[in-house]
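Here's the structure we're looking at; comments come further down.
Only this structure's heavy atoms are used, side chains among them; waters, hydrogens and symmetry mates stay out. All values derive from a computational prediction rather than experimental measurement.
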Amino acid sequence: LITVAMMLFINVKVTGLILSGLFISLLLYHRMTYKEFGGVTGDTAGYLLVNSECYMIAMIAIAILLPGVI
């Protein structure tokens with residue numbers, strides 16, 4: 001929470017993009033794990049960690065490419 005608060009202090013738009021990427025990743029993860037595995041396992045939790053980091057990096061790249069965000 002402290003990190004998110006500091007990110008909001010620095011740039012609200014980029015923080016919103018990053019958190020939206022995290023939320024999208026979480027929704028896709030939830031759907032996939034319950035559809036294919038019937039629930040969460042340790043391996044799928046590791047998948048969530050790596051996948052959410054990739055989504056957040058992608059949102060940072062989008063923020064850099066969009067004019068007026070940064």
Side-chain angles (χ1 to χ4, degrees):
L1 291 175
I2 293 171
T3 303
V4 172
M6 292 178 71
M7 288 170 51
L8 284 169
F9 180 72
I10 293 170
N11 194 328
V12 176
K13 293 177 184 178
V14 175
T15 303
L17 280 172
I18 292 171
L19 292 178
S20 68
L22 181 62
F23 187 69
I24 290 168
S25 172
L26 183 62
L27 289 177
L28 293 174
Y29 166 77
H30 183 270
R31 187 180 72 179
M32 187 260 314
T33 55
Y34 282 94
K35 180 181 176 185
E36 296 183 17
F37 300 107
V40 177
T41 66
D43 290 334
T44 61
Y47 168 80
L48 171 65
L49 179 65
V50 172
N51 196 28
S52 62
E53 289 172 351
C54 290
Y55 270 87
M56 289 187 286
I57 290 171
M59 290 300 167
I60 291 171
I62 289 171
I64 291 171
L65 294 175
L66 288 176
V69 175
I70 292 183

I'd like to know if the side chain of Ser52 reaches the main chain of Ser25, judged simply by a donor and an acceptor atom lying under 3.5 Å from each other, with no hydrogens or angles considered.
no
Can you measure from CG (Leu22) to CG (Asn51) and round to the nearest 0.5 angstrom?
10.5 Å
I need the single residue from Ile2, Val4, Thr3, Leu8 that forms a side-chain contact (heavy atoms from CB on, under 4.5 Å) with Met6. Which is it?
Ile2
Atom pairs and distances, donor-acceptor, side-chain atoms in residues 28-40, under 3.5 Å, two or more places apart:
residue, atom, partner, partner atom, Å
Tyr29, OH, Thr44, OG1, 3.3
Thr33, OG1, Tyr29, O, 3.0
Thr33, OG1, His30, O, 3.2

So how far is it from Leu19 CG to Ile24 CD1, rounded to the nearest 0.5 Å?
11.0 Å
Write down the atom of Asn11, the atom of Thr15, and the distance for their closest heavy-atom approach.
O-OG1, 2.7 Å
Look at the side-chain heavy atoms of Ile, Leu, Val, Met, Phe, Trp and Tyr, link any pair under 4.5 Å apart, and say whether Met7 and Tyr55 land in one connected group.
yes
Separation between CD1 (Ile60) and CD1 (Ile18), nearest 0.5 Å, reads 4.0 Å
Give the cluster check for Ile64 versus Met59: same hydrophobic cluster or not, with ILVMFWY residues linked at side-chain heavy-atom distances below 4.5 Å.
yes
